[in-house]
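A quick write-up on the structure given underneath.
For reference, positions follow the sequence shown, starting with 1. Below, all heavy atoms of this structure are taken into account, side chains as well, without hydrogens, waters or symmetry copies. All values reported here derive from a predicted model rather than from experimental measurement.
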Amino acid sequence: LGDLEIGALWTRPSDDADSLTYGLALGLPTGSTDEKDRGAGGDGAQLPYFIQPGNGAWSFTPRAYVVGKTEEWSWGYGGHYTARVGLGGEDWHKGNELELGAWASNRINRDTSISLRLEGRHADGVSGRDAKIEAVDEASGLTATNFHDAGNTGGTLLRMFAGLNHVVTRGNRFALEIGVPLHEDVRGVQVSTGMTYGLGWRYSF
């Protein structure tokens, strides 16, 4: 399990039919930061920073979104910023993060709509070091992989998503979304982001 987040959101309608939603969340450093490779071929070494489920720090996340709609269209924009404070009892913690986005959706008929979404995310690199994660092999003088180096974390990613939403029966809604990277700038050596796919089901009652 990762870190536990406790927060609240408030929604305030405005005079021009748009609504403003804003909130604040507190992240508790409850997630593990010392997970090891226990797979079939694993050697019991500490997993890289970005795979660890915990962030290693307390965090504060303010967020705000504006949403508007007409009979045929809906739209919105907003984002959140996560500030991490290095008081989680570890020698390292994941960096601060900023995420901004904007989206628009058009209703084709009573049951189906299409959407377009733009998402930008910037993450600071890992702060601090963990000697167990960055353990150096005596023979080669290198860490297990590039991912075990704190210098290879953080960066900026801009993506665009196209989506399809369909209501099958009353209360059941299915959604498909495909995303492509538009811009990527990372620190050090990292795996690039390719095309992503998302399929979801939601039931309302």
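- Judged as a ring-ring contact (aromatic ring centres under 6.0 Å, His included), and not counting sequence neighbours, W103 has no contacts.
- The closest side-chain heavy-atom distance from R187 to V189 is not below 4.5 Å.
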**Prompt:** Stepwise, does the side-chain hydrogen bond (donor to acceptor under 3.5 Å, both in side chains) test hold for T33 with E90?
**Reply:** CA-CA 8 Å; T33 57; E90 303 292 339; 3.0 Å; yes

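- Both I6 and F60 are part of a single hydrophobic cluster, where members link through side-chain heavy atoms under 4.5 Å apart.
- Checking D91 against H93 by side-chain atom types alone, no donor-acceptor pair falls below 3.5 Å.
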**Request:** Start with the C-alpha gap between N172 and W201, add the side-chain angles, then the distance that decides, and say whether side-chain contact (heavy atoms from CB on, under 4.5 Å) holds.
**Result:** CA-CA 7 Å; N172 288 281; W201 166 66; 2.9 Å; yes

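- With rounding to the nearest 0.5 angstrom, the CG atom of D3 is 10.0 Å from the CH2 atom of W58.
- Contact of the R84 side chain with the K94 side chain is registered, since non-hydrogen atoms from C-beta on lie closer than 4.5 Å.
- With salt bridges taken as basic N to acidic carboxylate O contacts below 4.0 Å, one links E119 and R117.
- For S192, the side-chain contact (heavy atoms from CB on, under 4.5 Å) criterion is met by E184, not counting sequence neighbours.
- Within the model, atoms CZ of R121 and CG of L98 stand 10.0 Å from one another, a figure rounded to the nearest 0.5 Å.
- Looking at residues two or more places apart in sequence or on another chain, you find a ring-ring contact (aromatic ring centres under 6.0 Å, His included) between F50 and F147.
- Between L182 and L118 there is a side-chain heavy-atom pair separated by less than 4.5 Å.
- When side chains are defined from C-beta on, I108 counts as touching I114, because their heavy atoms get closer than 4.5 Å.
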**Message:** Assess the residue pair F174 and L164 against the criterion (side-chain contact (heavy atoms from CB on, under 4.5 Å)); give the C-alpha distance rounded to whole Å, side-chain angles, the decisive distance to 0.1 Å, and a yes or no.
**Reply:** CA-CA 8 Å; F174 289 90; L164 175 68; over 6 Å; no

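- Among all heavy-atom pairs drawn from Q52 and S32, the shortest one is OE1-O, 3.8 Å.
- Between Y22 and L9 the shortest side-chain heavy-atom distance does not fall below 4.5 Å.
- Put simply, the side chain of E35 reaches to within 4.5 Å of the side chain of P53, judged on heavy atoms.
- A distance of 14.0 Å separates OH in Y49 from CG in N55, rounded to the nearest 0.5 Å.
- The side-chain heavy atoms of Q46 and D34, taken from C-beta on, include a pair separated by under 4.5 Å.
- Listed for the T30 side chain is a donor-acceptor partner under 3.5 Å among the backbone atoms of L4.
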**Derivation and outcome, side-chain contact (heavy atoms from CB on, under 4.5 Å), residues T21 and W10** = CA-CA 5 Å; T21 298; W10 296 267; over 6 Å; no

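- If you chain together hydrophobic residues whose side chains sit under 4.5 Å apart, V168 and Y203 fall into the same group.
- Rounding to the nearest 0.5 Å gives a distance of 7.0 Å between OG of S204 and CZ of R173.
- Residues I51 and I133 do not share a hydrophobic cluster, defined by chaining ILVMFWY side chains whose heavy atoms lie under 4.5 Å apart.
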**Asked** What's the verdict on side-chain contact (heavy atoms from CB on, under 4.5 Å) for M160 and L116, showing C-alpha distance, side-chain angles and the deciding distance?
**Response** CA-CA 7 Å; M160 178 174 287; L116 194 66; 4.1 Å; yes

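- For the atom pair CZ (F161) and CD1 (I178), the distance works out to 11.0 Å, reported to the nearest 0.5 Å.
- To the nearest 0.5 Å, atoms CH2 (W75) and OG (S115) are separated by 15.0 Å.
- Between Q190 and G154, the shortest heavy-atom distance links the atoms NE2-O, 2.9 Å.
- When only modelled atom types and interatomic distance are considered, T82 and T61 share a side-chain donor-acceptor pair under 3.5 Å.
- Contact between E134 and H148 at its shortest, heavy atoms only, is CG-O, 2.8 Å.
- T112 contributes no side-chain N or O that, together with a main-chain N or O of N109, makes up a donor-acceptor pair within less than 3.5 Å.
- Classification of R129 and D149 as a salt-bridged pair holds, one side-chain N sitting under 4.0 Å from a carboxylate O.
- In plain terms, the two heavy atoms of P181 and T193 that are nearest each other are CG-O, 3.3 Å.
- At a threshold of 4.0 Å, the pair R63-E99 does not count as salt-bridged, since none of the basic side-chain nitrogens sits closer than that to a carboxylate oxygen.
- Side-chain atoms of Y77 and Y65, non-hydrogen and from C-beta on, never get closer than 4.5 Å to each other.
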